[in-house]
Amino acid sequence: MSEPEIVRTTDAEQLAQSAAARLAKLIVSAEAAERPFHLVLTGGGVGIKTLAALRDEAKASGMKWSHVHLWWGDERFLPEGDPERNETQACEALIDDIDIPSHQVHPMPSWDGTDNHEAERGATNYSAALSVAARGRGPVPEFDVCLLGLGPDAHVASLFPGLPGVHEDEAAAIAVHDSPKPPPTRISLSLSSIRSARQVWVLASGEGKAEAVRLGVAGGSVDEAPVAGARGAEKTVFWVDEAAASEL
């Protein structure tokens, strides 16, 4: 796995703009090479800011989206359209304003209001969709960039300290129950899926994330800090503002 690179920015706004600008260049490069670009989206404050900045970058440059596939790192298992779903927020920030084929947007399943344990079926179905997109070359397509938000408790996606999901190494996507952060039921990529990405970008803003950033950069036990296991196959980048970098 790759060693972390740290990109420091002044604040969350500059972080989002800088990450979006680099991401746009990678998307354009993939188009020039006539190959698909698989991007894993994240939620959270700075994550959604980054998606909005990417939208603005794309509009300004006339960037094409016909070769891009959008996936999610995790999702709150809530009804479709719920404002707390990462999908809903990503649509508002980015997807509704870009010309991307609808079949290349791959949201995680939503809750139909019957049984939270249907999250297991949702995770299985998402794993199957990932496998189909991989075309026999593995359990997931070759993610070009996996964006990850970071919690103060050092969780990434919906992989929380002390929960068994951090050790899942077979399933591409898993159901998460008893999340310490509401809602309690979620679907998440496993760490093995995250690690398959060419590049993993961790986005962190604010003093409350400083200890989590330190643990993530240092590496160590994923039981204590799941972010410590979030590494890209070729590159790992921690995008941090000065407050989040204060303990490095």
Side-chain angles (χ1 to χ4, degrees), residues 1-2 22-43 47 51 54 63-77 85-87 90-91 94-95 98-110 118-149 156-159 164-176 186-202 222 226-227 229-237:
M1 295 186 293
S2 56
R22 186 186 293 189
L23 188 54
K25 289 180 180 178
L26 292 176
I27 293 172
V28 170
S29 294
E31 182 196 10
E34 298 183 340
R35 65 173 184 81
F37 189 92
H38 291 270
L39 172 63
V40 179
L41 304 182
T42 186
L51 299 188
L54 180 60
M63 192 172 80
K64 305 298 184 184
W65 293 90
S66 58
H67 63 302
V68 177
H69 286 258
L70 300 179
W71 304 88
W72 270 262
D74 74 318
E75 187 57 274
R76 298 165 173 87
F77 198 55
R85 275 179 62 86
N86 290 334
E87 176 197 3
C91 284
L94 172 67
I95 299 168
I98 61 175
D99 186 18
I100 184 171
S102 60
H103 67 278
Q104 291 173 201
V105 179
H106 309 277
M108 286 183 163
S110 57
E118 286 299 305
E120 275 78 10
R121 181 178 298 171
T124 298
N125 290 343
Y126 207 65
S127 293
L130 288 161
S131 178
V132 168
R135 299 181 178 181
R137 292 190 289 269
V140 298
E142 187 173 43
F143 299 135
D144 289 271
V145 176
C146 177
L147 301 175
L148 295 172
V156 289
S158 283
L159 303 173
V166 298
H167 293 295
E168 175 60 56
D169 58 4
E170 294 185 4
I174 61 172
V176 176
R186 297 156 174 254
I187 297 174
S188 179
L189 292 185
S190 61
L191 269 180
S192 60
S193 293
I194 290 169
R195 289 173 180 147
S196 74
R198 288 180 174 180
Q199 299 192 31
V200 168
W201 294 6
V202 179
V222 295
V227 65
R231 297 288 190 266
E234 297 177 5
K235 181 176 288 190
T236 304
V237 184

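Using a 4.5 Å heavy-atom threshold, the side chains of Leu147 and Leu51 count as touching. Side-chain atoms of Asp169 and Ser190, non-hydrogen and from C-beta on, never get closer than 4.5 Å to each other. Here the side chains of Leu23 and Trp201 are in contact, with some heavy-atom distance below 4.5 Å. At a threshold of 4.5 Å between non-hydrogen side-chain atoms, the residues Asn86 and Arg76 count as touching.
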Inset, instruction - Evaluate the side-chain contact (heavy atoms from CB on, under 4.5 Å) criterion for residues Phe77 and Glu118: first the C-alpha distance (whole Å), next the side-chain angles of each, then the deciding distance (0.1 Å), finally the verdict. - result: CA-CA 9 Å; Phe77 198 55; Glu118 286 299 305; 4.2 Å; yes

Legend entry - Worked verdict on Leu70 versus Ile100 for side-chain contact (heavy atoms from CB on, under 4.5 Å): CA-CA 9 Å; Leu70 300 179; Ile100 184 171; 3.8 Å; yes

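Nearest heavy atom pair, residue Phe37 against residue Ala30, reads CD1-CB, 3.7 Å. Closest approach of Ser158 to Ser188, counting heavy atoms only: N-OG, 3.2 Å. Scanning all heavy atoms of the two residues, the minimum distance from Asp99 to Trp65 falls at O-CB, 3.4 Å. For the pair Pro139 and Ala134, the tightest heavy-atom approach, listed with the atom from each and the gap, is C-CB, 4.4 Å. Heavy atoms only, all atoms of each residue included: Ser193 and Ala171 are closest at OG-O, 4.5 Å. Scanning all heavy atoms of the two residues, the minimum distance from Leu130 to Ala172 falls at CD1-CB, 3.9 Å.
With values rounded to the nearest 0.5 angstrom, Ile194 atom CD1 is found 5.0 Å from Leu148 atom CG. Distance CD/Glu31 to OG/Ser66: 6.0 Å, rounded to 0.5 Å. Ile98 contributes atom CD1, which lies 13.0 Å from atom NZ of Lys64 (distance to the nearest 0.5 angstrom). Atoms SG and CG, from Cys91 and Leu41 in turn, are 9.5 Å apart once rounded to the nearest 0.5 Å. For the atom pair CE (Met108) and CZ (Arg186), the distance works out to 11.5 Å, reported to the nearest 0.5 Å. Separation of atoms CZ (Phe143) and CG (Leu39) is listed at 10.0 Å; rounding is to 0.5 Å.
With Glu142 as reference, Arg198 is the one residue of Arg35, Arg198, His38 to meet the side-chain hydrogen bond (donor to acceptor under 3.5 Å, both in side chains) rule. Across Val166, Leu189, Asp74, Leu159, a single residue satisfies side chain to side chain contact (heavy atoms under 4.5 Å, CB included) together with Ile174, and that is Leu159.
Judged by distance alone, the side chain of Gln104 and the main-chain N or O of Val68 form a donor-acceptor pair under 3.5 Å. Formation of a donor-acceptor pair under 3.5 Å by the Ser2 side chain with backbone atoms of Thr236 is found in this model. For His67 (side chain) and Ala32 (main-chain N/O), no donor-acceptor pair under 3.5 Å exists by modelled atom type. In terms of modelled atom types and a separation under 3.5 Å, the side chain of Arg195 and the main chain of Gly229 share a donor-acceptor contact.
The aromatic rings of His69 and His106 sit parallel to each other, their planes meeting at less than 30°, with 60° as the upper class boundary.
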